[in-house]
There are 2 protein chains.
Amino acid sequence: MKPKSFAGMRCSIAGALELIGDRWALLVIRDLSLGLRRYDDLRASTAIPAATLAARLKHLTESGIVERVRYQERPPRDEYHHLTPKGRDLWKVSVALREWGDRWDASGFGAPAIEMVDRETGRPPGADARRC
Amino acid sequence: MKPKSFAGMRCSIAGALELIGDRWALLVIRDLSLGLRRYDDLRASTAIPAATLAARLKHLTESGIVERVRYQERPPRDEYHHLTPKGRDLWKVSVALREWGDRWDASGFGAPAIEMVDRETGRPPGADARRC
DNA sequence: CGGTATCCCTTTGGATACTG
DNA sequence: CAGTATCCAAAGGGATACCG
């Protein structure tokens, strides 16, 4: 079912969707903008299948939204992903989605609450819920 | 490949993506917000396969984003689709996508130009390009 | 850690045709 | 006009395993 390309549609919305890819990609972008960098962290956060995550990261890299970076030279250490300026510029899309989702309770868990978190643990005292 | 549900993620972004569905759905929403109503018009505008359009409209209806309406009682005449308030409220997402697409030339055809159009024909004099 | 490889099954895309 | 039906091929997803 080779995904039909939206290229050639003379439409910025279609073009944007084409560059982004799919819904997984938007979750990945969300997580990268929240500070996640590692492959396995992204996997854990999104529950995305390994092969699919690799494919999405590749597509996003080709779209200029994500960059791969070597983060340690000696010993040569792996790579991680982060957003390019073009990718960071997608924040308004994430915000629009989140706000709409909050207004209409898209998650079914209500709108997010503002929480105090411990600077040490980064977690609210006694809470295990997690929100994005 | 039953699309994994994003429900249960406690995330408004994931929830929003779940309710919307996929990239086709966003094109449909774009067109509905531009005033298209008829099945065949949506088909022509998006080049979406018939069965897929039907499936997306169904999903969007179940998500409360789209409504089906009988637009003529006698003779009983068909139905058309339009956005609910919840659907209309997605405009910010469309705007954010379009603006990002324009900034980074996602369509590859440059940002849209402002055009004069003839009130009769609705078309610019001598132009056949179409933008969204 | 950051992926690839493999297997299997479902859905989508694409084309075409048909119906109320 | 607004879909449904059918057929095919290919991609996605899901799980699991393996590798440098």
Side-chain angles (χ1 to χ4, degrees), chain A residues 1-9 14 17-18 20-28 31-32 35-63 66-83, chain B residues 1-9 14 17-18 20-29 31-32 35-62 66-83:
Chain A
M1 63 90 178
K2 157 124 44 171
K4 175 182 292 184
S5 172
F6 285 1
M9 280 194 184
L17 295 172
E18 182 76 12
I20 292 170
D22 71 351
R23 10 183 257 156
W24 286 119
L26 277 164
L27 288 194
V28 169
D31 283 344
L32 291 177
L36 297 195
R37 293 283 176 271
R38 322 301 277 266
Y39 189 89
D40 282 9
D41 289 341
L42 294 171
R43 290 245 303 137
S45 167
T46 57
I48 188 175
T52 307
L53 175 56
R56 289 300 164 282
L57 286 172
K58 187 180 176 204
H59 177 83
L60 288 170
T61 302
E62 289 164 353
S63 295
V66 162
E67 265 177 348
R68 303 177 60 185
V69 174
R70 184 158 296 263
Y71 68 96
Q72 186 181 297
E73 283 304 338
R74 277 214 312 284
R77 263 303 174 228
D78 311 302
E79 286 171 307
Y80 68 94
H81 300 268
H82 69 137
L83 293 175
Chain B
M1 64 96 175
K2 160 122 41 171
K4 175 183 292 185
S5 172
F6 284 0
M9 280 194 185
L17 294 173
E18 181 77 11
I20 292 170
D22 70 352
R23 13 182 255 154
W24 287 119
L26 277 164
L27 288 195
V28 169
I29 289 165
D31 283 345
L32 292 178
L36 296 196
R37 293 284 177 268
R38 323 301 277 268
Y39 190 88
D40 282 10
D41 289 341
L42 294 172
R43 290 247 300 139
S45 167
T46 56
I48 188 177
T52 307
L53 175 55
R56 290 300 164 282
L57 286 172
K58 187 181 176 204
H59 176 84
L60 288 170
T61 302
E62 288 164 353
V66 162
E67 265 176 349
R68 301 177 64 187
V69 174
R70 185 158 296 263
Y71 68 96
Q72 186 181 300
E73 283 304 340
R74 279 217 311 282
R77 262 302 174 231
D78 312 303
E79 286 172 308
Y80 68 94
H81 300 267
H82 69 137
L83 294 174

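Numbers restart at 1 for each chain; the letters A, B, ... are given by sequence-line order, proteins then strands.
No side-chain heavy atom of A:L60 sits less than 4.5 Å from a side-chain heavy atom of A:L83. Counting only heavy atoms from C-beta outward, the side chains of A:L27 and B:L17 approach each other to under 4.5 Å.
Listed nucleotides: C:dG3, D:dG13, D:dA2. Nearest to the side chain of B:R38: D:dA2. Residue A:T52 has its side chain nearest to D:dG13 when only D:dA2, D:dG13, C:dG13 are considered. The side chain of A:R68 approaches C:dG2 more closely than any other nucleotide in the set C:dG14, D:dG14, C:dG2. Across C:dG13, D:dA2, C:dG2, the shortest atom-to-atom separation from the side chain of B:W24 is found for C:dG13.
The CD atom of A:E79 sits 10 Å away from the P atom of C:dT4 (whole-angstrom rounding). As a whole-Å value, the separation of B:L57 CG from D:dT4 C1' is 14 Å. The CD1 atom of A:I48 sits 15 Å away from the C1' atom of D:dA15 (whole-angstrom rounding). Atom CG of A:L53 is separated from atom C1' of D:dG13 by 13 Å (rounded to the nearest Å). Atom CG in B:L27 sits roughly 16 Å away from atom P in C:dT12 (whole-Å rounding). In this structure, CG of B:D41 is placed 10 Å from C1' of D:dC1, rounded to the nearest angstrom. When the P atom of C:dG13 is taken as reference, atom CZ of A:F6 falls 8 Å away, rounded to whole Å. Going from atom CG of A:L42 over to atom P of C:dC1 covers 12 Å, rounded to whole Å.
Put simply, A:H81 has a side-chain N or O that comes within less than 4.0 Å of OP1 or OP2 on C:dG3. Look at A:H59 and you won't find any side-chain N or O under 4.0 angstrom from OP1 or OP2 of D:dG12.
Each of B:R56 and B:A50 has a nearest nucleotide on DNA chain C; the 5'-most of these lies closest to B:R56. Along DNA chain C, the nucleotide nearest B:A55 and the nucleotide nearest B:A51 are compared for position; the residue whose nucleotide lies closer to the 5' end is B:A55.
A:Y39 places no side-chain N or O within 3.5 Å of a backbone atom of A:H81 that could act as its donor or acceptor partner.
Between B:A14 and B:F6, the shortest heavy-atom distance links the atoms O-CB, 3.5 Å.
Residue contacts for A:R37: at a heavy-atom cut-off of 4.0 Å it reaches no nucleic acid atom on any strand shown. In this structure, A:R43 reaches neither bases nor backbone, as no heavy-atom distance under 4.0 Å exists between it and the strands shown.
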Between B:I29 and B:V66, does a side-chain contact (heavy atoms from CB on, under 4.5 Å) hold up when you go through it step by step? CA-CA 8 Å; B:I29 289 165; B:V66 162; 5.5 Å; no
